[in-house]
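Numbered from 1 within each chain, the chains take letters A, B, ... in sequence-line order.
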Number of protein chains: 2
Amino acid sequence: MSGKRPSGRPANQDASAALKTVALRLVRELGYDKVSVSAIIEQAGVARQTLYNRWNTKADLVLEAVFEQTNTYAAEPSWDGAEDCRTLLEDFLIRIFEHLRIDGDTLRALIAASQQDAKFHRSFHANFVLPREQMITALLHRAQDRGELSPGRNVEVLSTLIHGAFWYRLLSRGVLDAGFAKEIVAETFA
Amino acid sequence: MSGKRPSGRPANQDASAALKTVALRLVRELGYDKVSVSAIIEQAGVARQTLYNRWNTKADLVLEAVFEQTNTYAAEPSWDGAEDCRTLLEDFLIRIFEHLRIDGDTLRALIAASQQDAKFHRSFHANFVLPREQMITALLHRAQDRGELSPGRNVEVLSTLIHGAFWYRLLSRGVLDAGFAKEIVAETFA
DNA sequence: GCGAATAGTGGACTGCAGTCTAATGATCAA
DNA sequence: TTGATCATTAGACTGCAGTCCACTATTCGC
């Protein structure tokens, strides 16, 4: 698998790195819509085609740039069993909301972009959306196993409700803070 | 208030009507992104500027066109007191989902557009989003008054959870059917 | 070194939303 | 009738994402 030595000129990894770095910085500084592809490639010192050799669209590039910075925030909740699932869920949501204070505007733009491009929608969903939803689902299942959540509850639907709540807040530009996280958890475990 | 006779040439109401009709038809036929402003004005037999005299963007025009067709579906739940609130909520959601089968793709495009244009975001939120959220909030309050919902629940948060769930499904291109409506209601009243 | 294969470069090109302009048309008030 | 005011028209224009092209550069197997 790894022995596949491709023929031809190898891709310049510095160019990819520069594009991601520049894109993330510009997008955070100016906002996704105010950053043109021309500005990104100029500051990265790279030709237009080089960008499109690696990514299909501006959205794909920015997604990857944000994604690399994001795993820090979206780390799996610790399964040490010391804390109850309710607290774990709350902490998990609070951490997501913290990340959204930095990249929330960019994420909103990527969600918008994903509605206009079916290919990007699949990529965005697989890399960003599904993993988080599955973490929440797993956490709720665990809560049921430990008896913190009534076994009659539909975990998949609960997960959609929780996940949807902060998407809705994000897209409606509402407040996403620790208080909202606590309220969500309170209603989930009510 | 109504006696304000404006000076100058009056706006041609036929042009507005034609633009809305053509826009809605084209958008439903081809999808929002595949319909160009040029196509709309050509088929409406109207100059470009005439469109932009009345609406700021393509999104504003389509929003208004969809909105006029929509009130049929988003009618206030009947308050006759005969049915319980749980059933009313279920029917309300089912009716919304029915409308989304027709205009869901367009709505997704408008949500995307609203993330890229602050002015349109305000208009979309005020005309489309808030009214529905308030209907659900009112319904849940009523459920509390009638003792169908525990008085300890946070109605505003519940409303956000419900509303978010179908936004999330809509934007994730998931299934929005009567079964999902029932599941949402079941978890809300659980 | 040579040819095949692939990457990078600069720049032209397309299609789109939205803006702008100059001219013409409709309505009212005096 | 005349002038003020606003609407409509046709079309030029801007700025953008993404595509295309001709050419150059780098790496491989031989």
Starting from [atom2] on [N], measure out to [atom1] on [X] and report it in whole angstrom.
X	N	atom1	atom2	value
Arg9(A)	dT26(D)	CZ	C1'	5 Å
Glu42(A)	dG15(D)	CD	C1'	14 Å
Leu61(B)	dG18(C)	CG	C1'	14 Å
Ile41(B)	dT9(D)	CD1	C1'	10 Å
Leu110(A)	dA17(D)	CG	C1'	15 Å
Asp33(A)	dA17(C)	CG	P	16 Å
Asn12(B)	dG25(C)	CG	C1'	12 Å
Gln116(B)	dA17(D)	CD	P	12 Å

- Does Lys182(B) come within less than 4.0 Å of Asp177(B), counting only side-chain N to carboxylate O?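 Looking at Asp177(B) together with Lys182(B), the answer is no, because their closest N to O distance does not fall below 4.0 Å.
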- Task: Please determine if Arg142(B) and Asp84(B) form a salt bridge, counting it only when a charged side-chain N lies under 4.0 Å from a carboxylate O.
- Result: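 No, this pair does not count.
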Does a side-chain N or O of [X] approach OP1 or OP2 of [N] to a distance below 4.0 Å, or not?
X	N	value
Thr50(B)	dT9(D)	yes
Asn56(B)	dG18(C)	no
Asn53(B)	dT8(D)	yes
Arg54(A)	dG8(C)	yes

- Message: Using only modelled atom types and a 3.5 angstrom limit, is any donor from either the side chain of Arg48(A) or the base of dG18(D) paired with an acceptor on the other?
- Response: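 Yes, a donor-acceptor pair under 3.5 Å.
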- Item | 5'-most by nearest nucleotide on DNA chain C - Pro10(B) or Val37(B) |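 Looking at DNA chain C, the more 5' nearest nucleotide goes with Val37(B).
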- Quick one: sort the Trp167(A) and Phe124(A) rings into parallel, tilted or perpendicular, breaks at 30° and 60°.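 Plane angle between 30° and 60°, so tilted.
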- Distance-only donor-acceptor check, side chains Thr50(A) and Asn53(A), under 3.5 Å: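 Asn53(A) and Thr50(A) do not have a side-chain donor-acceptor pair below 3.5 Å.
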- Query: Between dT6(C), dG18(D), dA17(C), which nucleotide gets closest to the side-chain atoms of Lys58(B)?
  - Reply: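 Closest of the options to the side chain of Lys58(B): dA17(C).
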- Message: Show, in sequence, the C-alpha distance, side-chain angles and deciding distance for Arg122(A) and Asp117(A), and conclude whether the salt bridge (Lys or Arg N to Asp or Glu O under 4.0 Å) test is met.
- Response: CA-CA 9 Å; Arg122(A) 282 191 288 276; Asp117(A) 179 340; over 6 Å; no
- Message: Test: side chain to side chain donor-acceptor pair (under 3.5 Å). Region: residues 157-166 of chain A. Which pairs qualify, not counting sequence neighbours?
- Response: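 Qualifying pairs: Thr137(A)-Ser159(A).
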- Message: Just checking Arg28(A): does its CZ atom have more than 12 heavy atoms from other residues, nucleotides or ligands closer to it than 6.0 angstrom?
- Response: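 Yes, enclosed.
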- If an axis is fit to five pairs at each end of the helix from dG1(C)-dC30(D) to dA30(C)-dT1(D), what is the angle between the two, to the nearest 10°?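 If I round to tens, the end axes sit 0° apart.
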